Each structure stands twice: as C-alpha cells, then as structure tokens.
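FYI, side chains are in, hydrogens and waters are out, and symmetry mates aren't considered; it's all heavy atoms of this structure. Just so it is clear, the structure is predicted and the values come from calculations on it, not from any experiment. Remember, it's 1-based here, ligands and their atoms both numbered in the order they're listed.
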Amino acid sequence: MFRSISSQLQISYGFLVVLALFGVGIFGYLHRKSEMLRQVDEALQNRSKQISALLVRYDLDELKIPDRVGNRDSSPYLPGPPISSGDDPAQSQTILYRIWKAEAGEMKPVFQSELAPHWSGPVPHPRDLLTNGIFRTEQNQRQLLSRAVRNYVVLIGTDFSNRQAALNQFLIRMIFAEIVFLALFILIGAWLTQRALRPIGKISSTARTIADGALDQRIPIDGGSSELSELSLVLNESFDRLEDSILRQRKFTSDASHELRTPITAILAEGQSKPESIEEFRDSLERCVGTARSMGQLVDQLLELARFDSNDNELIREPTDLDLLVNRAVQMVLPLAEEKSIQIEHHLDVSQADVNPVRIQQVILNLLNNAISYTETGGKVVVRLIETETTIEITVEDNGIGIAQEKLPHIFERFFRADEARADHENEHYGLGLAISREIAVAHRGTLTVESELDKGSVFTLRLPREEF
Ligand code: ADP
C-alpha cells in the first residue's frame with residue numbers, strides 16, 4: 001500500500017510538514033515563555049533597585065508600609081501596597097518582598113510584606129551574592145534574591161500563574177492551529193501529488209494498450225513542460241520507432257513469403273505438367289533447377305538481411321587497396337556491359353582502407369550491375385574513387401532510366417522496385433540488393449546515398465569515413 005510513489009511522496013511530505021510545524025510551534029512557545037520571564041525578571045529587578053535605593057537613604061525602622069488603601073503621609077514608604085485591597089492574593093501579580101539583614105554572621109529576617117515570598121533553603125550572606133542576584137522559580141512564583149546596602153538581602157517575588165495560564169492558552173491555540181494547518185497541508189499535498197503523478201497513470205495505461213497490440217496508440221501530452229511531459233514525448237518517439245520497425249518487419253515477412261510463393265508455384269506447375277517427350281521433360285527439369293537456384297539466392301539474401309537485423313554479421317576488416325578492389329569489380333561486370341554496348345569509365349584515386357573487402361566489393365558489384373541493368377543499350381557508366389580528408393567516396397554514375405523523385409526515398413527499402421514492369425525475378429531482381437548494400441555501408445559506419453533524375457540517370461555514392469581506418 002505504501003510502496004506507490006504517491007503514498008511515499010505524501011508520507012515524506014506529511015513528515016516534513018509535521019516536523020516544520022512542530023519546530024515552529026516549539027520555537028514560538030519557548031520564545032514567548034522567555035519573553036514573559038524576561039519581563040517578570042525586569043519588574044523584579046526594578047523593585048529590588050527601588051528597595052535598595054530606599055535602604056541607602058533610610059534605616060529600615062524609618063520606613064513605613066503603605067496601608068491597603070494606599071494612604072500615605074510625607075514619611076518615607078516602602079514600595080507598595082504589597083497587596084491592593086480586594087485582590088485575591090493568589091491571582092494578584094503584586095510584587096511581594098522580604099528583607100534579611102546579616103548580623104554577627106547570621107541572616108536575620110527584618111521585614112516582610114504581607115503574603116511575603118517564601119525562600120526555601122538558607123539565605124546567603126550578601127557578600128556571597130553576585131551583583132545580579134539569584135533568579136529562581138518556586139511553583140508559580142518567580143523570585144529574585146539580591147543584596148542591598150548595609151548588609152541587607154532582599155527577596156522579591158511575584159506570582160506569574162496568570163501569565164503562565166495565558167501562555168498555556170497560547171500553546172493550546174497554537175496546537176489547534178497547527179492541527180488545522182497540518183490537515184490543510186496534507187490535503188493540498190495529496191492533491192498536488194495526485195496531479196503531478198497523473199501523467200504516469202496515462203503513460204502506463206498507454207504502454208499497456210500498445211503491449212496489447214494497439215501499435216498506433218500514443219501518450220496524450222497536455223502541453224506542459226514538466227519532466228513527465230518530456231518523458232512522454234521521448235516515449236512517444238520510441239513508440240513511433242517501435243511501430244515503424246514492427247510494421248517494416250511485418251511487411252518484410254509478407255513480401256518475402258510473396259516472393260517465395262512465385263517460384264514455388266512455378267516449380268509445382270512444372271511438376272504437375274505432363275511432358276510428352278524426353279526433351280520436354282529435360283526442359284521442364286532445367287526450368288525447375290533454374291527457379292530453385294534463383295529461390296536459393298533469394299533465401300541467401302534474406303538470411304543475410306536477417307543477420308544484419310540481429311547484429312550477427314560482424315565484419316572482419318583488413319587493409320584493402322580500394323582502387324584495386326573497384327577495378328576488379330569493373331572487370332567482373334565488363335562482359336555484361338559489353339553485351340549491352342555500355343561503356344564503363346573509371347577514375348580511381350589510390351586509396352587504402354581497413355574494410356571488409358568481400359562486403360565492399362559486393363556493394364560495388366551491386367551498384368555496377370544496377371547501373372548496367374537500368375541503362376539503355378549504348379549508355380555510359382562512370383565509376384569514381386575519391387579520397388578526401390575525412391571520407392572515401394565511391395560513386396557509380398549512369399545515364400540510364402533514372403528514378404522518379406517520389407520513389408527515391410524508398411529506393412533502399414527491402415523488396416522495393418522502382419519499376420515493377422522491369423522486375424525480373426529470373427535475374428534475381430528482388431529489390432533486396434540496395435537494402436543489403438546500405439546495411440553493409442552502415443556496418444562500416446558509412447552511408448549509401450542516391451541522386452537521380454528520371455530519364456537522365458542516377459548517381460549512387462558509397463561514403464566511408466576515413467577516421468575509421
Ligand atoms: P534489384 O535487385 O531489383 O535491382 P535493388 O535493391 O538493387 O534491387 O534496387 C532496387 C530498385 O532500385 C530497382 O528495382 C530499380 O528500380 C531501382 N534502381 C536501382 N539502381 C538503379 C539505377 N542505377 N537506375 C535506375 N533505377 C535503379
């Protein structure tokens with residue numbers, strides 16, 4: 001239950017809020033309490049100074065105590081009255097006091113106000129008291145014991161239960177407010193967390209729908225720029241690529257089955273025909289062998305592509321004289337070119353590179369064969385090998401039938417034939433040659449590109465990076 005991100009976030013959020021509120025509460029309470037004590041202590045000190053000042057000027061016996069009504073004549077009076085008439089002494093914040101005098105090393109009580117404060121323990125000699133005196137709290141009374149002139153020690157006390165009660169009320173109000181705040185924060189936090197994590201729900205439900213087969217489903221993006229929207233965008237792009245590759249795989253399988261069905265039907269038809277003579281029988285058998293051979297080549301090409309798809313086609317590279325390699329390929333297709341009176345020109349820079357010679361020759365042969373196949377009799381094919389600072393470029397240019405612009409983007413797709421009418425299954429024109437050539441180029445970290453114009457000719461360029469060698 002608490003393993004979901006949202007509940008973990010909410011728990012940590014709640015914990016932090018409780019911690020923050022608790023901290024603020026404690027700080028507030030302690031601050032208020034120390035402020036209250038500071039005020040009480042200040043009042044005690046003032047009263048202590050007042051009594052000390054009187055004792056400097058007068059002898060204690062000369063001092064009078066004001067009566068409860070506060071009537072005074074012109075004689076010196078001790079501060080008071082200690083308790084105002086009608087006050088409940090327990091509730092009163094009146095300052096009470098008691099005075100001792102050190103005589104013959106002993107502390108003798110010499111005066112005490114009505115309801116005088118009680119000092120528990122021995123009263124220290126004035127010389128043992130620090131200038132600031134001793135502050136202490138006795139039940140609800142705050143007391144200050146300080147020294148005065150003529151060996152007097154004065155104890156001032158005041159009841160602060162009223163102030164403590166006010167402080168307690170403040171504490172209760174604060175706890176109540178904190179509970180309300182906590183509930184509010186937790187509710188807002190839960191709402192915010194749910195809102196922030198809502199896209200995750202959408203992401204997982206979309207991923208589930210896609211896994212169930214609905215490849216065209218995508219995560220709805222609400223236009224925000226949060227990290228989750230970014231993640232949704234990246235996932236949608238991955239889903240696009242995934243869909244694309246699955247659809248291509250499906251098409252590839254169906255195209256391959258379709259291509260294989262044609263020769264199988266031909267072989268079956270031959271097998272079911274009833275030749276009337278030995279010659280007819282031999283011809284039929286030869287056609288079967290031819291079709292089977294062509295089928296074998298198709299299967300070889302399919303296997304080759306499958307190996308590229310599964311990255312199972314590791315290239316073994318060796319230092320290769322590319323000019324010699326291209327020249328050899330040209331020599332191999334010369335008879336074919338001569339058959340169609342096609343002239344082959346070549347301009348080859350001397351160039352050496354670490355490549356797989358068999359694979360690179362396969363690409364060049366494929367480009368040359370295509371150039372001859374798709375060029376009318378009497379045409380011309382030009383092969384160039386150009387070495388630049390960063391690349392090695394091999395181009396095969398022809399002035400043949402060219403390729404329509406709308407077909408160019410598909411030319412390297414598997415089983416794509418720009419001109420279906422010319423597709424010649426007998427000569428293994430299955431539309432796989434360029435797809436395989438591009439895989440070989442990519443495996444060498446290179447590229448294979450085409451520029452072409454219908455009825456004018458085509459230029460195929462195999463570009464290999466030099467730093468790879
Ligand atoms: P194929 O074995 O059918 O030639 P490729 O993959 O080598 O298969 O070529 C795919 C298609 O590209 C060909 O069917 C053809 O329509 C077109 N093509 C390839 N090379 C050329 C070229 N030099 N001139 C015109 N069209 C070409």
Check: Is any N or O atom of Arg417, backbone or side chain, closer than 3.5 Å to an N or O atom of ligand 1?
Finding: no
Notebook entry, point to check: Is the shortest heavy-atom distance from the side chain of Val180 to the side chain of Phe176 under 4.5 Å?
Noted result: yes
Margin query: Taking the basic N atoms (NZ, or NE/NH1/NH2) and the acidic carboxylate oxygens, is any pair closer than 4.0 Å for Glu178 and Arg173?
Written below: no
Next item on the list: Specify side chain, backbone, both or neither for Thr375, according to which of its non-hydrogen atoms lie closer than 4.0 Å to ligand 1.
Entry: neither
Check: Once the angle between the rings of His410 and Phe416 is folded into 0 to 90°, is it parallel (under 30°), tilted (30 to 60°) or perpendicular (over 60°)?
Finding: tilted
Margin query: For the residue pair Ser48 / Ser146, report whether a side-chain donor-acceptor contact shorter than 3.5 Å exists.
Written below: yes
Next item on the list: May I ask you to say whether Asp240 pairs ionically with Arg218, meaning some side-chain N is under 4.0 Å from a carboxylate O?
Entry: yes
Check: Is any N or O atom of Ala418, backbone or side chain, closer than 3.5 Å to an N or O atom of ligand 1?
Finding: yes
Item checked: For Asn366, the ligand 1 atoms whose distance to one of its heavy atoms is below 4.0 Å -> 7 (O)
Check: Under a 4.0 Å heavy-atom limit, does Ser458 contact ligand 1 with its side chain, its backbone, both, or neither?
Finding: side chain
Notebook entry, point to check: Taking N or O atoms only and a 3.5 Å limit, does Ile411 qualify as a polar contact for ligand 1?
Noted result: no
Note to self: Taking the basic N atoms (NZ, or NE/NH1/NH2) and the acidic carboxylate oxygens, is any pair closer than 4.0 Å for Asp309 and Arg414?
What the structure shows: yes
Check: Which ligand 1 atoms does Gly402 reach within 4.0 Å, using its non-hydrogen atoms?
Finding: 25 (C)
Check: With distance as the sole criterion, is a donor-acceptor pair present between the side chains of Ser161 and Asp159 under 3.5 Å?
Finding: yes
Note to self: Quick test of your reading of the model: are Arg384 and Glu397 salt-bridged, counting only N-O distances below 4.0 Å?
What the structure shows: yes
Note to self: Under 4.0 Å, heavy-atom basis, I'd like to know which part of Leu434 is in contact with ligand 1: side chain, backbone, both or neither.
What the structure shows: both
Note to self: Heavy-atom pairs closer than 4.0 Å: do any link ligand 1 to the side chain of Phe412, the backbone, both, or neither?
What the structure shows: neither
Item checked: Where ligand 1 meets Leu432 - atom numbers and elements under 4.0 angstrom, heavy-atom basis -> 6 (O), 8 (O)
Item checked: Ligand-residue contact atoms, ligand 1 with Tyr430, heavy atoms, under 4.0 Å -> 2 (O), 3 (O)
Next item on the list: Return yes or no for this condition: an N or O of Ile401 is under 3.5 Å from an N or O of ligand 1.
Entry: no
Check: Does Phe252 have its ring centroid less than 6.0 Å away from the ring centroid of Phe415?
Finding: yes
Checklist line | For Gly431, the ligand 1 atoms whose distance to one of its heavy atoms is below 4.0 Å | finding: 1 (P), 2 (O), 3 (O), 6 (O), 8 (O)
